[in-house]
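Structure first, then comments.
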Amino acid sequence: MVSCRALARPVRTRIAPSPTGDPHVGTAYVALFNYALARRHGGQFLLRIEDTDRQRSHPASEAMIFDALHWLGLSWDEGPDVGGPHGPYRQSERSTIYREHAETLLAKGAAYACFCTAERLAALREEQKAAKAAVMGYDGLCRRLDPADAKTRRAAGEPCVIRLAMPEADSVTVHDLLRGDVRFERPQMDDQVLMKSDGFPTYHLANVVDDHLMGISHVVRAEEWLSSLPKHEQLYRAFGWEAPVFCHLPLLRNADKSKISKRKNPVSLNHYRRAGYLPEAMLNFLALMSYSMPDEREEFSLDEFVAQFDLTRVSLGGPVFDIEKLTWLNGRYLRRLSTEETIGRLRAGVLSDAYLGQVVALCRERVDTLEGFFDYASFFFQGALAYDAAAREALVPKGRTAADVRKSLLALVETGVDPLLEWRPDTVEAALKAFAEGAGWPVKELFMAVRVAVTGRTATPPLFETMAVLGKELCRRRLRGAAETLR
RNA sequence: GACCCUGUGGUGCAGAGGCCCAGCACGUCACCCUUUCAAGGUGAAGAUCGAGGGUUCGAAUCCCUCCAGGGUCGCCA
């Protein structure tokens, strides 16, 4: 059902996340379909870390991706953590491979060195934008350089990038499993950078080289990649390799149909985990996005999903990630659990010894009876908070307006919380202080507002420790919730 | 702006020329059950299948045009 060509070789699929943030729900979505395709055909599913952007890649992010995917019950046959015959599975450890391949392309004349500075490129972009140019990309200046000269300059150590020499055809036709032939007109096909001046490859090069070397038969990825397919197919052609089958999945959407984003929707898998969604429900829900079982069944296990999986059944409209339906589904799963099983789930999370231990350590000296403990520490066990009149008042320091605080809380989430990959008392403190300074807020005022937002109270254990225990996702959610009540 | 993708009730999907004056699920509303709230059950409202043209005896399903939404135009992935 996948295509004749595909059956000729083993089905090997992969998920290739970039470790630049919190584990994303879209990663899980694409991983699920890749997993199902491989399993359905008795092939392999691999995990590859695409960390060629050394500015933004973070080991903590990588660890969270593994953890979140494992939590969902997805496993891979090859990957950085489990090894495999085609390793290493971390692109940052494959630099020489990319360098060699870039040289191959250079030697074939399929790529060329480009000495244009970032400044020139920025200026060029400005110019094109200002002129409302129809064709936007790189203008090919260095492509016209004499190859011998370029070689000399490169040998002399002049900084440069390697660009792919795209054919100068009027149009190119590529193939997508679900969309069929897709024809691109000449713009949109400029000479992409393959190797950055820091010696690391870009996504385009690394991705194609690795997919080929790792024997990937089907590239199932998000639709945002569709427009770079001409470049990728050109790379396969330039190398003389057989291209895999490409299939682009529709993007998950916000309620307003835009591409799912953290400003409009929780996108971190950690959020759903902390909020108490069951992994099997989450997976089931994700499978409902753009897909349907032949018998229209809506509740099914991973194995049942895999057993009937047919890539051609995915529909192409961008599915809105509807948390209400996810929550309904989750309720169905939760109710199916026995009391013992439910207790087990609670014990794996908010009632674990580890979590309880942290909470008790923070609260014990502030409580006189065991019962008092439950009153005092209740916010450690709740989800979104309801802010009463007193809390709302404490949220807004004298001399500030609700709108002002609201904006600041939201800004704090965006600039202070979201980028913080390591969530500990010291890092939280640093982030909060940095934000206060940048926003011109007296720390005392900001900390009280945050304290109330995050706990619903004015009297709590030390703020940073408390926030560390609550976790990034819950803090984020309550910060946004507080901002919302200030509307 | 250019290029590309998509377009079935508010949302997720079914439907691959007649079985559809469109089916399932979420949500909404009502009723039943029930001390309450849920859950569960039953039912209702809600779609001229984006619009307009074709093709055909017959179109949600095929073709064309338009419109709308989305994505991409980075030494980010």
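Residue numbers start from 1 in every chain, and the chains themselves are labelled A, B, ... in the order their sequence lines are given, proteins ahead of strands. Remember, predicted model here, so these are calculated numbers, not experimental data.
Nucleic acid contact for A:E324: sugar-phosphate only, since backbone atoms but no base atoms lie under 4.0 Å from a heavy atom of the residue.
The partner of B:A47, taking Watson-Crick or G-U wobble pairs whose two distances both stay under 3.5 Å, does not exist in any strand shown. Both distances falling under 3.5 Å, in either a Watson-Crick or a G-U wobble arrangement, place B:C24 opposite B:G12. Pairing partner, B:C73: B:G1, with both Watson-Crick or wobble hydrogen-bond distances short of 3.5 Å. Pair check for B:C67 finds B:G7; Watson-Crick or G-U wobble, both atom distances under 3.5 Å. A 3.5 Å limit on both hydrogen-bonding distances identifies no Watson-Crick or G-U partner for B:C37. A 3.5 Å limit on both hydrogen-bonding distances identifies no Watson-Crick or G-U partner for B:U61. Shown here, B:U56 forms no base pair; nothing in the strands shown gives a Watson-Crick or G-U wobble contact with both key distances under 3.5 Å.
Panel note: side chain A:S217, backbone A:R12; a donor-acceptor pair is recorded below 3.5 Å. A donor-acceptor pair under 3.5 Å is formed between the side chain of A:R94 and the backbone N or O of A:P88. Looking at A:H41, its side chain never comes within 3.5 Å of a backbone N or O of A:G43 through a donor-acceptor pair.
Residues that satisfy the side-chain hydrogen bond (donor to acceptor under 3.5 Å, both in side chains) test with A:K472, not counting sequence neighbours, are A:D22. In this structure, the salt bridge (Lys or Arg N to Asp or Glu O under 4.0 Å) partners of A:K264, at least two apart in sequence or on a different chain, are A:D256. Scored by the side-chain contact (heavy atoms from CB on, under 4.5 Å) test, A:L385 finds A:Q382, A:Y387, A:R478 as partners (sequence neighbours excluded). The side-chain contact (heavy atoms from CB on, under 4.5 Å) test applied to A:E299 returns A:N284, A:W328, A:L329, A:R332, A:R336, not counting sequence neighbours. Annotation: side-chain contact (heavy atoms from CB on, under 4.5 Å) contacts of A:S61 (sequence neighbours excluded): A:P19, A:H58, A:I65, A:L421. Residues passing the side-chain contact (heavy atoms from CB on, under 4.5 Å) test with A:Q192 are A:H204, A:K231, sequence neighbours excluded.
For the residue pair A:E242 / A:Y236, no side-chain donor-acceptor distance below 3.5 Å is found, with atom types taken as modelled. Counting only N and O atoms by type, the side chains of A:S290 and A:Y29 include a donor and acceptor under 3.5 Å apart. Side chain to side chain, A:S301 and A:E280 fail the donor-acceptor criterion of an N or O pair below 3.5 Å. For the residue pair A:Q234 and A:R237, a side-chain donor N or O sits within less than 3.5 Å of a side-chain acceptor on the partner.
B:A38 and B:A14 are spaced 32 Å apart, taking the P atom of each and rounding to whole Å. The P atoms of B:A25 and B:G41 are separated by 10 Å, rounded to the nearest whole Å. B:G10 and B:A22 are spaced 16 Å apart, taking the P atom of each and rounding to whole Å. Taking atom P in both B:G15 and B:C3, the straight-line distance is 33 Å, to the nearest Å. B:C24 sits 28 Å from B:U34 when the P atoms are compared, rounded to a whole Å. For the P atoms, the distance linking B:G17 with B:C4 amounts to 28 Å, nearest Å. Spacing between B:C21 and B:G9 at atom C1', rounded to whole Å, works out to 15 Å. For B:A30 and B:C73, the P atoms lie 48 Å apart once the distance is rounded to whole Å.
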With the criterion being N/O to N/O and under 3.5 Å, what pairs connect the protein with nucleotides 30-34 of chain B, and how long is each?
none

Report, one pair per line, the protein and nucleotides 74-77 of chain B atoms (nitrogen or oxygen only) whose separation is under 3.5 Å.
residue	atom	partner	partner atom	Å
B:C75	O2	A:S197	N	2.7
B:C75	O2	A:S197	OG	2.7
B:C75	N3	A:S197	OG	3.0
B:C75	N4	A:C116	O	3.2
B:C76	OP2	A:K196	NZ	3.0
B:C76	O2'	A:D53	OD2	2.9
B:C76	O2'	A:R56	NH2	3.1
B:C76	O2	A:R56	NH2	2.8
B:A77	OP1	A:T52	OG1	2.9
B:A77	OP1	A:K196	NZ	2.7
B:A77	OP2	A:Y203	N	3.2
B:A77	O3'	A:E50	OE1	3.2

What's touching nucleotides 4-9 of chain B from the protein side, N or O pairs under 3.5 Å?
residue	atom	partner	partner atom	Å
B:C4	OP1	A:R183	O	3.3
B:C5	O2'	A:R179	NH1	3.0
B:C5	O2'	A:E223	OE2	2.6

Can you name the atoms? Protein N/O to nucleotides 59-68 of chain B N/O, anything below 3.5 Å, with the distance.
none

Identify all pairs in which a protein N or O lies below 3.5 Å from an N or O of nucleotides 44-52 of chain B, and state each distance.
none

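Here the P atom of nucleotide B:C24 and the NZ atom of A:K325 are 13 Å apart, to the nearest Å. For the pair A:Y333 OH and B:A39 C1', the computed distance is 18 Å after rounding to whole Å. In this structure, A:L286 places its CG atom 12 Å from P of B:C13, rounding to the nearest Å. Rounded to a whole Å, the CZ atom of A:R253 is 10 Å from the P atom of B:C13. Straight-line distance from the CZ atom of A:R221 to the C1' atom of B:U72: 12 Å, rounded to whole Å. In this structure, A:F321 atom CZ and B:C26 atom P are separated by 18 Å, rounded to whole Å. Taking atom CG of A:N330 as the reference point, atom C1' of B:A25 lies 16 Å away to the nearest angstrom. Rounded to whole angstrom, the span from the CG atom of A:D322 across to the P atom of B:G27 amounts to 9 Å.
For A:Y291 and A:F309, the ring centers are positioned less than 6.0 Å apart. Ring pair A:Y277/A:Y333: centre-to-centre distance not below 6.0 Å.
Note on A:K325 versus A:D322: no salt bridge recorded, every NZ/NE/NH1/NH2 to OD/OE distance being 4.0 Å or above.
Shown are A:F246, A:F239, A:Y203; of these, the ring-ring contact (aromatic ring centres under 6.0 Å, His included) with A:H232 is made only by A:Y203. Here the options are A:W71, A:F285, A:F321, the test is ring-ring contact (aromatic ring centres under 6.0 Å, His included), and the partner is A:Y272; only A:F321 passes.
Listed pair A:R332 / B:A25 fails the phosphate criterion, with no side-chain N or O lying under 4.0 Å from OP1 or OP2. When the side-chain nitrogen and oxygen atoms of A:R313 are compared with OP1 and OP2 of B:G15, one or more of them lie within a distance under 4.0 Å.
Comparing A:M293 and A:D256 along RNA chain B, the residue whose closest nucleotide (by nearest heavy atom) sits nearer the 5' end is A:M293. Two residues, A:W328 and A:S290, neighbour RNA chain B, and the one matched to the more 5' nucleotide by heavy-atom proximity is A:S290.
The side-chain hydrogen bond (donor to acceptor under 3.5 Å, both in side chains) contacts involving residues 410-421 of chain A comprise A:D418-A:R476, where partners must be two or more places apart or lie in separate chains.
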